*Asks:* 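Quick one: the structure is below, and I'll ask about it shortly.
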Amino acid sequence: MEASSLPAALELVSGGGAGLSPEKRAVLGSSLLLLQRDYRFERVWFWGCIQGVCGAYYIAEGLGPDRAAPRSRLYSLNCVEWSLLPPVTEEMVTQAGWLKGRFQGDPSFEYEYTERNAEDAERLFEDGKEPIIKEEARLVATIEQIDRAVGIIPRGAFVKTPLGSVSENRNFEGLSLTEAKRLSSYFHFTEPVNLKNKTLLEKADLDPSTDFLDSLEHDIPQEAKLQTQLQMGKWCEVWKQEVPKLLFCFSSELCSPF
C-alpha cells in the first residue's frame with residue numbers, strides 16, 4: 001500500500017476481516033511519510049502486519065528509482081520507531097522453512113531446530129556446531145517467501161525502460177472489466193522464472209515494456225482465484241490457496257495495487 005493512499009487502501013481491505021485500529025492508522029499515516037524523508041526513499045509501501053505471541057511486526061518497504069530492484073525492508077513494533085531488516089539470503093529462506101509455530105514478537109528471540117530429517121541434520125552440522133536462527137532472520141525470510149508467492153501487480157501498471165529499469169506507468173488508468181477477469185492480466189512482481197524458459201516464438205506476441213514478468217495464468221498448480229466485485233469501478237480481488245489469508249486488491253480509483 002502506498003503511504004500517501006494508506007487510509008483509503010486500508011478501508012477497502014478491511015472488508016476481508018483484517019485491519020488496523022484507528023489509532024494505528026493515524027500513527028502509520030504520518031510515520032511512513034517521516035520514514036520516506038529520513039531514509040530518502042522515492043516511495044514507501046506499507047507491506048502489512050505479522051502477528052506474534054507477544055506483539056506484532058509492522059512491515060514497510062522502501063523503494064528507489066528502479067521499482068524492480070531489491071527493496072529495503074523495515075519493521076516496527078509500535079508503528080513509530082523503524083529498524084532495517086538485513087538482506088535476505090537463500091540460506092535464511094531454507095532455514096526458516098524448517099521452523100514451525102508462531103512468531104514470538106521479539107526480534108532477538110533465538111530458535112532451535114527440533115524437527116529435522118537426516119539430510120537436514122547433516123547440512124546443519126557441517127561446521128561442527130548447531131546453528132541458531134534469530135527471529136529477525138526468520139521474519140525477513142518469511143516476507144521474501146510471501147512476496148514470491150503473492151506479490152502481484154496488474155498488467156500495465158509498471159513499464160520497463162530500454163535501459164532495464166522499471167517504473168510506474170503514468171498512463172495506466174486501471175484494467176477494463178474484461179481484462180480484470182483474466183489471470184493473464186496479473187503478474188508476479190518478482191524475478192521472472194517462466195519467462196526465461198519461453199521460446200522466441202512464444203515471446204513474439206509479448207510487449208517487452210509491459211510483459212517482462214511471470215503471469216499468474218502459468219502458475220503450476222493453478223492456485224490463484226479471481227473474484228471481480230460487482231462494483232467493478234472500484235476494486236477487484238485476487239487470492240491464492242497457497243497463502244489463503246493474503247489478498248491482492250486492485251483499485252481503479254487509486255490506480256495502484258495494495
Side-chain angles (χ1 to χ4, degrees), residues 18 35 39 41 44-64 66-79 81-152 187-197 213-214 216 219-221 223-224 239-248:
L35 181 68
Y39 282 87
F41 295 133
V44 170
W45 288 350
F46 176 59
W47 184 91
C49 173
I50 295 180
Q51 187 68 44
V53 176
C54 302
Y57 294 102
Y58 299 91
I59 313 298
E61 293 184 328
L63 291 79
D66 186 357
R67 300 297 189 258
R71 305 162 206 153
S72 298
R73 295 182 172 124
L74 305 96
Y75 73 91
S76 174
L77 300 175
N78 55 13
C79 298
E81 299 173 340
W82 296 88
S83 301
L84 271 171
L85 284 167
V88 68
T89 63
E90 286 302 323
E91 183 182 6
M92 285 182 183
V93 174
T94 302
Q95 292 180 350
W98 294 329
L99 299 175
K100 296 182 179 180
R102 295 181 60 185
F103 283 84
Q104 297 300 310
D106 177 8
S108 62
F109 182 82
E110 296 180 345
Y111 290 92
E112 295 181 358
Y113 299 98
T114 57
E115 297 182 11
R116 50 178 175 262
N117 55 38
E119 183 181 348
D120 292 339
E122 182 180 354
R123 192 183 309 122
L124 282 170
F125 289 99
E126 285 179 352
D127 58 354
K129 58 183 179 179
E130 183 175 2
I132 296 176
I133 182 171
K134 289 189 175 182
E135 181 153 284
E136 186 181 59
R138 184 191 182 191
L139 179 64
V140 70
T142 301
I143 295 171
E144 177 67 18
Q145 288 176 301
I146 292 174
D147 275 346
R148 291 177 184 179
V150 292
I152 301 171
F187 293 144
H188 289 285
F189 199 31
T190 57
E191 185 70 22
V193 177
N194 297 330
L195 186 64
K196 297 177 180 179
N197 299 327
L213 299 170
D214 288 336
L216 265 65
D219 284 3
I220 301 174
E223 293 179 333
W239 68 92
K240 297 189 70 178
Q241 295 175 1
E242 185 178 347
V243 193
K245 292 187 178 180
L246 287 177
L247 177 71
F248 163 82

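Bear in mind the structure is a predicted one, so any value in this text is a computation, not a measurement. We're numbering straight along the sequence, starting at 1.
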*Asks:* Could you state the interatomic distance from CG (L85) to CG (L74), rounded to the nearest 0.5 Å?
*Replies:* 7.0 Å
*Asks:* Do D214 side-chain atoms and L195 backbone N/O form a donor-acceptor pair below 3.5 Å?
*Replies:* yes
*Asks:* Do Y39 and S72 have side chains that approach each other closer than 4.5 Å (heavy atoms only, starting at C-beta)?
*Replies:* no
*Asks:* Once rounded to the nearest 0.5 Å, what's the spacing between atom CD of E136 and atom CG of L84?
*Replies:* 9.5 Å
*Asks:* Restricting to non-hydrogen atoms, name the atom on C79 and the atom on S76 that form the minimum distance, rounded to 0.1 Å.
*Replies:* N-OG, 2.7 Å
*Asks:* From R148 CZ over to I143 CD1, what is the distance, rounded to the nearest 0.5 angstrom?
*Replies:* 12.5 Å
*Asks:* Could you state the interatomic distance from CD (E135) to OH (Y75), rounded to the nearest 0.5 Å?
*Replies:* 9.5 Å
*Asks:* If you define the side chain from C-beta out and look only at heavy atoms, does anything of P107 sit under 4.5 Å from Y57?
*Replies:* yes
*Asks:* Would you mind reporting whether W47 and I146 have side-chain heavy atoms less than 4.5 Å apart?
*Replies:* yes
*Asks:* If I compare all heavy atoms of M92 with all of V88, which pair ends up nearest, and what's the gap?
*Replies:* SD-CA, 4.0 Å
*Asks:* Using 0.5 Å steps for rounding, measure from the CZ atom of R138 to the CD atom of Q104.
*Replies:* 8.5 Å
*Asks:* Please tell me if the side chains of N194 and H188 come closer than 4.5 Å, counting only heavy atoms from C-beta onward.
*Replies:* no
*Asks:* Look at atom CD of E91 and say whether more than 12 heavy atoms of other residues, nucleotides or ligands are closer to it than 6.0 Å.
*Replies:* no
*Asks:* So that I know where these two stand, are Y111 and F109 an aromatic pair - ring centroids less than 6.0 Å apart?
*Replies:* yes
*Asks:* Please report the shortest heavy-atom distance between L35 and A60, naming the atom on each side.
*Replies:* CD2-CB, 4.0 Å
*Asks:* Between CZ of R67 and CH2 of W45, what distance do you get to the nearest 0.5 Å?
*Replies:* 7.5 Å
*Asks:* Identify the heavy atoms of I50 and L139 that sit nearest to each other, and give their distance.
*Replies:* CD1-CD1, 3.7 Å
